[in-house]
Structure formats: C-alpha cells, structure tokens
Amino acid sequence: MRIDPATNLQPAGAPPPRNDISEALARRLRAETEGEVLFDAASRGRYATDASIYQIMPVGVLVPKTARDIATAIDIARDLKVPVLPRGGGTSQCGQTTGAALVIDNTKHLRQLLAVDVARRTATVEPGLVLDHLNAQLKPHGLWFPVDVSTSAQATLGGMAGNNSCGSRSIAYGNMVHNVLGASAWLSDGSLVDFGPIATLSARAAGIAEHVRALAVQHRAEIAARWPKVMRRVAGYNLDIFDNQSEKPYTSDGSVNLAHLLIGAEGTLAYTRSLTLRLSELPRAKVLGVVNFPTFRAAMEAAQHLVTLGPTAVELVDRTMIELSLLNPAFRTTVATALIGRPAAILLVEFSGADKAALLTKLKALVELMGDLGLPDSVVEMVDDAAQKNLWDVRKAGLNIMMSLKGDGKPVSFIEDCAVPLASLADYTDALTEVFARHGTRGTWYAHASVGTLHVRPILDMRVGGPTGGAAKMRAIAEEASALVRRYKGAFSGEHGDGLCRGEWIAWQFGPAIDEAFRSIKQQLDPIGLFNPGKIIDPPKMDDASLFRFAPPTAPRPYKRIPLTPWLDWSAWNVQADPVTEATTAPGTGGDVTGGFAMAVEMCNNNGHCRKFDAGTMCPSYRVTRDEQHLTRGRANTLRLAVSGQLGPDAFTGDAMHETMDLCVGCKGCKRDCPTGVDMARMKIEFLGHYKARHGHTLKDQLVARLPAYARVASRLPWLMNLRDTLPGAAWLSEKLLGFSARRALPTWRSDTFWRSPQTRTFVTREQAIAAAQHDGKAAVLFVDTFNGTFERENAFAAARVLQAAGYAVHTVTKAGGHHCCGRTYLASGMVDAAKARAGALLDALLPLAQAGVAIVGLEPSCLLTLRDETLVMGLGDKAVVVSKQAMMFEEFIAREAQAGRFKVSLKAAGKPILLHGHCHQKAFDAVRPILEVLKLIPDTPTELIESSCCGMAGSFGYEASHHEVSMQMAEASLLPAVRARPDTIIVADGTSCRHQIADGAQRDAVHVARLLESLLIA
Ligand SMILES: Cc1cc2nc3c(=O)[nH]c(=O)nc-3n(C[C@H](O)[C@H](O)[C@H](O)COP(=O)(O)OP(=O)(O)OC[C@H]3O[C@@H](n4cnc5c(N)ncnc54)[C@H](O)[C@@H]3O)c2cc1C
Ligand code: SF4
Ligand code: SF4
C-alpha cells in the first residue's frame, strides 16, 4: 500500500484519522451543512459493510439534504485530509463501498428524477435514485432504463454507474457504460465538471479528455494485447473510450463520451451529482423458450449458438437450483411446467419486442436450432406473460435459497462474475468445477449465459485462518480461476467491480503499463487521492484478513461472539454446513456461544433487499424514515457488531441498540421477504428480553404486557377504565405519566365480555368436539384472544355462528379465573418467561384437541399465529409442535374446508365492493390468500386487496406517544389513502390494531371477515 506523502490520505484499511480530526470534521459538517451528521460508533458500524466479505469502519457518515451539502462536505474533507466515499444502496459485492472515509449516503434526499425528455428518450437523475423507482416513473411514457440488475429494488443509479453495473438483458442493451450519456460531477478540488460528448466539453473536462487520449495512444499496443475483448469487462478505468475494445462499442457512432470514464470508477475519480441516461422503449411483448439440457456441458456449449437468434436474455438455472425449487411448494408447479423430464440444466431464452406474433417466429427458430444441435423436443415454449413472470421469480428465488445457507461457511462472491467468450464457456466451467473440487468445495451455477458471465460462489468459511482457512482457499481458487480466465481470454472482473476483492487483479489483467496509465488518470482527476482511496489504485490484497467482516483468529481484529444465554431457542441456526453437499449438522451443534442467536443475526449479508418499496411488508420503519438505522439490515448489522463486542462492552443492552430496535414494529415482513430469512421481529423479542432484564420494565410495559391478566377484573369496572378517554385531561395525564399518546383513544372496556356471555352455551364440550372431529372432521376449537374476547366479542360469536351454520361443532378453551392467552403482549414487552408460562398453559389446554385432529381456529392474526411461530422457540417442547400443526386463522380453516367440499353455507351479496387490508402477520404466513378465497364465496361482490405495508399500529406500538408520528406515517404510506379513496366499500381487516388505525386515521369502520360473513348468512 502506498500512502501519498503530499496529502496523508491513506488507502483502504489504514487506521482512521486522529480523534481531533474526526471531531473537527463532525463539528464543521454540523455547522456548515443541513445534513445528518452521524459519527457515533453504531451509526458508523452500519456503514462499515456492503454486500461483500469486508468491513471497514468509516470516519463518519453524512446524510446530505442537498447537493450543496455534498459540495461543502467535499471542501471540508479536503481541508481536513479525510477521504470521501460516495454511497448508494451499499449493495456492492467487492468491498468498494467500504472505507475509512467520510461516507456520504445519497439515498435519503438525493433521489429526484430531474428531467425526462420523452422524444429524445433521455432522463437526468440524482445519484441516490433507485432503479425501480426511476422505471416506475418512466412506465407511463412507455420507456424504461434497461440495465436491469437483480438488485433493481435497492440499487441506485449513482452506484450502478460507479460499478458499471450490468443487467440480465445486457446482451440486448449493454452495461451502464452503454447507457449513460452524460454526468455532472465534483472533482476533489471542489469544481463541478460536466462530462459528456467530447465536442461539448468545458476547458477543464477537455483537459482531462486530452490526458486520457494521450494515454490511450501511448499504450495502444498494450491495450490491443491485454484488454479483454468481451462486453462484460468492468475492471480498472475505461481507458478504451478512445480505442474501443468492447464487443459492444460504448457509443453507436464511434464517438467518444467522457462521461464513460467515470462509469465503473467506483467513486475514485469524481463524485457524481447527476447522470443523464439513455432510455429504451419498454418491450410490449415477451416470449420465453425454456431449453432443457441432458448435461450441464451441453447447455454451456449451446449458449454461443442461442445468442445468434437475437434473444434479450439467456439465463442459466443448474440442476441444484432446479432441485431446490422443486422442493419448495411455492415454486414446484411453476418449475415443473418448464421441465421436460429431469434436465441437468435449463436455459431461459427470452425474446422481446413490439409484437408477440413476430416473437413466435423467434421461438420457432429456437426450436429448430435445438433440433439442429441434436436436442429436438427440448424446448418448453412459454408465451403467457404470467407464466413467464412466475419462472423469472423462481430464477431469482433460487439465488435466495442458495444465499440462505446456515452455518459459518457461506457462498463467497469473489470469482462469480468472470466473463469468458462464449466459445470457451463449456471448457471454462468444466475446468472451474474441477478447481472447486480440488479445494473441497462446490459451486452452484446460474445467471448470464448470454454474455459468458456465470455466477458461481464456492462455500468458504472466512473465520477459519491458516492454510486450510477461507482466505487461503479463496486465494488459491482465485489464482487458478485467473489462469483459466487468461487461457480463455476473458475478463476477471465482469460485473460486480473491483473493490477490495479484485483490485489486486487489475495489474494482473492489464499489465504494469496500463496499470500505471490508470494511476495517471487518477492523478489527473483526483491528485490528492480524496475519493475512495485503496480502490482500483493501490488496492490491498484480496485476502487481507484485517479487512474481513468475520476476521479469523490470526487477524489483528478477530471476530468473536460474546457468550450469551438466549431467551428463545435459536439452535436451528447453530449448525455447520458441508461445503460440498450443503447438508447441515444437527441443531445446536454449530459451536455458537450465543446458542445460535449470533449466527441468525449474521445471516444478513447486506444485499439491501429490505430497502425495497414495492408491494410486500418489509420494512415499514425504513419506508417512512429512509434511515439505515431503521432498516432490517441496519438492525442486523448493529446487533452483529454488538454481540461481537465491536461497539464496546454491554452494547447489546445499551441505548444505541435500543434506539435501533425501537421503530421495529415486529411486523415479520423481513421473515417473509428477506432472502436469507432474517427474522427481526423474533430478534426484537430476544433483544427486549435482555434489555429489560438489565433496565427493568416501565409501568407502561406492565400495563401493556399484563393486559390479559387484569382484563377480567378491569372489565368489571368499565366506567372506571374508560375514564382515561372520557374524563377531560385524563388522556393528557396518561401521556405524561405512562407514555400513551393522548391523540389516541384506547379500546373501550365493557363488562359483557365473550367469557361472560350466555351465548357460549351453544359451544360443545371438549369431548363432543373430539367426537365430532373423529366422526366427520367437522369440529373446531375457537381460540378467543384477549382483544376479541374483551373488547369485540361480536367477532368471536360471528365466527362461531358461521362455523355452526356450516355444521361444525364449535368448542372453546376456558380457564378458571380468567381466560387463556398466547403470551404475545408479554413477548412484545420483553417478558419472555411470563409469556412462556401463559403460552404453556394454553398449549396444555389445546393439546388433547390438537392430538385428536381438531382444528384450532383463531381470529386475531398476531395471537393465533404465535402458535405457529414463537411458541415453537420458547422451549415448550413437543406440545408446541403438535398444536402448531392444527393452528389456523378462521379464514384459513374455511378456505381449506371449502376446498375439501365440507364448508357450505348460503350467503347473500354484500351490496358493496370489499376492500381488504391484510395484517402483517397474515402476510408473513401467506394467510392473506385464504381470505381472498373465502371472500370469493360471497356472490356478486368484488374484492380488492390494498397493497399496503404495516398499518403502523402494530399492537401497542402506535398507541405510544413516542411512536405516534411514525405510526401515522406508516398508515399514510398506502393504507389510509386507499381507504379514503374508496368510500363506497366495505373494509375488511382482521387485525384489531389495524381496525383501530383505520378508524383513527380515516374515520371508517373496518370489520373482521367473520363479522362480514355472519352478516351475509342466509338463514
Ligand atoms: C444479491 C445481489 C445481486 C446483484 N446483482 C447484480 C446484477 O445483476 N448486476 C450487477 O451489475 N450488479 C449486481 N449486484 C451488485 C450491486 O448490487 C450493483 O452493482 C448495484 O448497482 C450497486 O448499486 P448501489 O446503489 O448499491 O451502489 P453502492 O454499493 O452504494 O456503490 C457502488 C459504487 O459506486 C460508488 N458511488 C455511489 N454513488 C456514487 C456517486 N454519487 N458518485 C460516484 N461514485 C458513486 C460507490 O462509492 C461504490 O464504489 C448484485 C449484488 C447483490 C448483493
Ligand atoms: S436483512 Fe435481509 S434483506 Fe436486508 S440486507 Fe440483510 S439479508 Fe438483505
Ligand atoms: S419486523 Fe418489520 S419493522 Fe421490524 S425489521 Fe422486520 S420488516 Fe422491519
């Protein structure tokens, strides 16, 4: 590593600047910018990683509010000699977005689409704009930006330009460099320079262009000899803008565009303020041919011929992924429709254009070509759009399944985007497979066969040091892979950039002369080395363990978990996996001193998918704050740093950790949507258990948690309990003393609870329920939770009447001196032991019924679904498993029974359309679909599902004064506007808190699906 003596600016991994410098930096940023200045350890830790294996603590973080903030920050950093690292979604796989620098996060405020010129098909964007968000705005114009990276929901245009990103359809549209028309960027001297076509350049930019041109001329012979001649080459700087070497020239007319010099520069040359992009027409039609191959090699050999047909994508799915998808019930049917027998690999060959009929000719040509190649009848033709989309979803999910491997060994990305010419693809993949085998590992292959860039990640354990450790294996495999890349005249870095992982291979790829030319380019644009030092120029070794996120014991800063006795059972994560078979050891044998909790936390690989805003739940607190802290990834990173002692002693139960977990509403959106299955709702329970054990419970905690315990007595004195909302000033007092928001009315107490009602006499005894179940299966036990039972007993009786009308024997479990509860309110307050006692008693009551096969039917999603989730990890033994198998939501039960032909009632039309809001836990357990199925039983009544995230109430969350504002913002994000827009509808919402939020925010009464069905029964 070189340190520039003139500037003292240091490369990646160098020690951070002195404390007084970072303090001065923070002070000046606070004084001179409007941005958020984050210099505390936890905030810096959240910006220390990207989706690579590396971790470097930044000096500090700035979240700028305006472009002017960035310009000011660059000036201050230059004065204080602190490097600057621009950041988008932080999803890079090679470590280019980590550094001991001032990290500037563009994603919160610098995300505008500045201009669209529909006629000329161009758009100008700020760097923090996310690709999917851009394309959503372009769609009405029939346009899109076609560099369709897999991370399109979270990758920013600035980061994509920084990496020269490439999408699945690059064979048709090219990489970023082919689609950028101009850039406006700050140089390290603070000047803002426009980069664009040579003819349009200012004097400063023209000087840069001339410098690069001279280098290209000087090194012409070396460039011709050493430069990979493939489209997928993203290493180094684009010195070839003056001497094109790419299969696909950067401009259509052969002209030079200086903006292309910044593409793939990984933020090392300039800080992009805006980008002008070339847009494409949105394809109006697509067809897919799925080619089935008997051997993997046959697929690899075919790729070179398939591309001659002009497809927009040729994507590989290998046998391992096919098998994994077939094992997944959600994908089995879709995959099966694409298969002919049991192929060793499939290639998804997509054609797109303006007219479907014309594309059918292409499909026909594909079928003929495969016949010519000796594989007749090997193509499944998919013309239907929905079928195609389903199959693409499987292809994406396959990657997710692979990434969710438990244990310390993980699929590591370091040679996963080498690009080789298609004629050599089969030989290259064969040879690399042998390399893996020699090193005791294996790779699953997938992705971009069209351009010779197949993704493959060998499983390595980076925590193991020495000659058999992950780092040593990574180097050995990289060395051998590089020899293959050279043999087949490919590019070592073909998609994900150089960063820390491939920087050292730049000189290997291009030779010393071109490497020096790159240094000269850096010197020309950033002579003081301000921008992202240690990337591209003077990079560290890829296996420098001091830069690893999980550093081995031999490293200066080894990764160590601090022993901890977890409240919940995390043993399913406490395993190790075989790197070849991927078989995992028995739960609890992974050697984790935190019982598996740390290993569960470490599953987050920073891919940033939790930053998405599309349909689905994850992550409501991020959606309203856009803060890395209030994001699933931010929480997982903070937990990881805390449980490994990197945030100081006792950080796990400290204030910074509490602040980070505070806005997590426990919606379980991440449990469903995170590709690696990070379940932050469960982690929050674990955290709260430890936090409260150290700090104690507040009176508010006690009132919330123990509601099921005091509800029976309290409901005898409803007038007293309701004083809080009837006596002037009482609500205000409850906010001041207890923290309940005065802007909320609490649920209204009443004495005629479910359990006191004579109507329960219509219920059968346990023995009768079991007898009925054994007779014709038509029995159910209604689990009535505290909320429905105490405040809305009508819902429980409605459910019972609907079931009884269909001929079911309905039983309910009772308890002397109170009622049974699932323990959820205790869990939400961190009282895990009390929750366990409550849940254990409920399980005991339900067990004989579950054993006899009686369905356990619940009304409140968060309560009933506790029986399928948390009770399984509370150390309650087999009874929890037995009960979980019978536990289902009211609508899940009806949908199941209706499908079996057993549930039959006569219903009349509702008279109005239905608008359905799914509770987050229903979404997490795929229990919204059954409500839609049940609502279809209502004649002549259309139903529309609101595409909403969390309602924001989330149990007691929204009732708390400190959360009121965020809670309302969550509701306003989609739910409340959708409700207000349709005053003519019946709103169905099964969650008690969802109904309250809808009433508070939109002054509309939402009903439980049971109430709606009951009201429509024809006697
Ligand atoms: C699961 C997974 C799948 C992926 N699939 C693909 C894929 O299909 N194709 C692909 O190409 N990549 C892929 N990637 C890699 C990565 O997601 C992309 O490269 C993505 O475009 C990076 O965007 P970002 O906003 O996260 O950038 P970041 O990681 O934040 O930044 C990337 C680089 O750009 C620089 N940068 C950011 N903003 C600026 C700015 N304003 N000025 C100057 N420099 C800036 C940064 O300093 C950094 O060096 C994948 C990654 C993961 C984890
Ligand atoms: S929490 Fe999940 S979705 Fe978010 S970055 Fe981590 S692994 Fe990705
Ligand atoms: S549980 Fe919900 S709020 Fe919490 S991190 Fe997951 S998605 Fe975000």
Side-chain angles (χ1 to χ4, degrees), residues 50-52 70 85-97 99 103-107 110 126-128 130-131 147-152 154-168 170 175-176 183 185-186 234 262 264-275 399-400 403-404 413 417 447-448 453 455 495-497 499 531-532 535 603-612 617-623 630-637 661 663-684 920 924 949-950 954:
D50 54 12
S52 70
I70 300 177
L85 171 53
R87 177 167 162 127
T91 68
S92 292
Q93 294 198 14
C94 298
Q96 56 266 55
T97 323
V103 171
I104 303 185
D105 178 351
N106 302 313
T107 57
L110 278 292
E126 288 187 323
V130 167
L131 175 60
V147 185
D148 55 338
V149 290
S150 312
T151 40
S152 61
Q154 62 264 34
T156 62
L157 274 309
M160 289 170 65
N163 285 352
N164 192 4
S165 292
C166 326
S168 296
S170 64
N175 309 342
M176 247 348 241
W186 291 281
V234 300
L262 302 186
E266 301 183 0
T268 61
L269 294 181
Y271 196 123
T272 309
R273 178 188 168 159
S274 65
L275 289 160
L399 167 64
N400 296 343
M403 294 201 324
S404 59
S413 162
D417 56 334
H448 322 306
T453 308
H455 292 337
E495 181 173 305
H496 295 149
F531 291 131
N532 203 3
K535 319 290 155 51
M603 291 299 293
C604 172
N605 66 4
N606 279 248
N607 62 62
H609 197 51
C610 37
R611 296 171 75 93
K612 73 189 175 70
T617 309
M618 174 169 77
C619 168
S621 50
Y622 174 69
R623 289 184 192 202
H630 300 302
L631 172 70
T632 321
R633 175 175 77 178
R635 295 186 178 112
N637 278 327
M661 300 303 280
L663 297 192
C664 170
V665 290
C667 67
K668 305 190 186 183
C670 43
K671 179 189 177 83
R672 183 188 69 165
D673 292 348
C674 164
T676 67
V678 170
D679 183 351
M680 194 51 66
R682 191 181 289 181
M683 289 172 188
K684 182 164 183 182
C920 295
S949 177
C950 177

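Both counts, for ligands and for their atoms, begin at 1 and track the order of listing. This structure is a prediction, so every number in the text was calculated from the model and none was measured.
In terms of protein heavy atoms, atom 8 (Fe) of ligand 2 is closest to Asn607 OD1, 2.6 Å. At the top of the distance list for atom 1 (S) of ligand 2, counting protein heavy atoms only, stands Thr632 CG2, 3.6 Å. Among protein heavy atoms, atom 2 (Fe) of ligand 3 sits closest to Cys667 SG, 2.2 Å. Protein heavy atom in closest approach to atom 6 (Fe) of ligand 2: Cys604 SG, 2.4 Å. Of the protein's non-hydrogen atoms, Cys664 SG, 2.4 Å is the one closest to atom 4 (Fe) of ligand 3.
Counting only distance, with no hydrogens or angles, the side chain of Ser949 and the backbone of Thr617 share a donor-acceptor pair below 3.5 Å. Under the 3.5 Å distance criterion, the side-chain polar atoms of Gln96 are left unmatched by any main-chain donor or acceptor of Lys535. Panel note: side chain Asp417, backbone His496; a donor-acceptor pair is recorded below 3.5 Å. Between the side chain of Lys684 and the main chain of Cys664, a donor-acceptor pair closer than 3.5 Å is present. At distances below 3.5 Å, not a single donor-acceptor pair connects side-chain atoms of Asn175 with backbone N or O atoms of Ser165. Thr676 contributes a side-chain N or O that, together with a main-chain N or O of Met603, makes up a donor-acceptor pair within less than 3.5 Å.
Inclusion of Cys674 in the first shell of atom 2 (Fe) of ligand 2 is supported: an N, O or S atom falls under 2.8 Å. Distances from atom 4 (Fe) of ligand 3 show that Cys670 has no N/O/S atom below 2.8 Å. For residue Asn605, no N/O/S atom approaches atom 8 (Fe) of ligand 2 to within less than 2.8 Å.
Using a non-hydrogen distance threshold of 4.0 Å, Ala270 registers as a contact of ligand 1. Residue Cys166 places a heavy atom less than 4.0 Å from ligand 1. In this structure, Thr617 has no heavy atom closer than 4.0 Å to ligand 3. Put simply, part of Asn106 is less than 4.0 Å from ligand 1, judged by heavy atoms.
Here the shortest heavy-atom distance to atom 5 (S) of ligand 2, taken over Gly608, Cys619, Gly677, Ala51, belongs to Gly608. Remark: among candidates Gly162, Ser152, Ala51, Gly159, the nearest residue to atom 37 (C) of ligand 1 is Gly159, based on non-hydrogen atoms. The closest non-hydrogen atom to atom 3 (S) of ligand 2, taken over Ala636, Cys610, Gly634, comes from Cys610.
Backbone and side-chain nitrogen or oxygen atoms of Glu495 are examined, and one is located within less than 3.5 angstrom of a nitrogen or oxygen of ligand 1. For ligand 1, one of its N or O atoms has an N or O atom of Pro86 under 3.5 Å away. Close N/O approach between His448 and ligand 1 is not found [any backbone or side-chain N/O within under 3.5 Å]. Polar contact with ligand 1: present for Gly89 (N/O pair, distance under 3.5 Å). Backbone and side-chain nitrogen or oxygen atoms of Asn607 are examined, and none is located within less than 3.5 angstrom of a nitrogen or oxygen of ligand 1. Geometrically, ligand 1 and Arg87 share no nitrogen or oxygen pair separated by less than 3.5 Å. Distances between N or O atoms of Ser150 and those of ligand 1 include at least one value under 3.5 Å. Note: an N/O pair closer than 3.5 Å links Thr91 and ligand 1 by distance alone. Between Gly90 and ligand 1, a contact under 3.5 Å exists for at least one N or O pair.
Listed by atom number, the atoms of ligand 2 under 4.0 Å from Pro675 heavy atoms are 3 (S). Per-residue contacts place Thr676 under 4.0 angstrom from the following atoms of ligand 2 (heavy atoms of the residue considered): 7 (S). Taking a cut-off of under 4.0 Å to the non-hydrogen atoms of Val665, the atoms of ligand 3 that pass are 3 (S).
Counting heavy atoms closer than 4.0 Å to ligand 1, residue Ala161 contributes nothing at all. Contact annotation for Lys668 and ligand 3: only backbone heavy atoms (N, CA, C, O) come within less than 4.0 Å of the ligand. Counting heavy atoms under 4.0 Å from ligand 1, residue His496 touches it through the side chain alone. For Thr268, no heavy-atom contact with ligand 1 is shorter than 4.0 Å. Contacts between Gln93 and ligand 1, counted as non-hydrogen atom pairs separated by less than 4.0 Å, involve the side chain only.
Inspection of the Thr107 and Arg611 side chains reveals an N or O donor paired with an N or O acceptor under 3.5 Å.
Nearest heavy-atom pair across Cys670 and Ala681 is SG-N, 4.4 Å.
In this structure, Gln93 and Asp50 have side chains that are not in contact, with every pair of non-hydrogen atoms separated by 4.5 Å or more.
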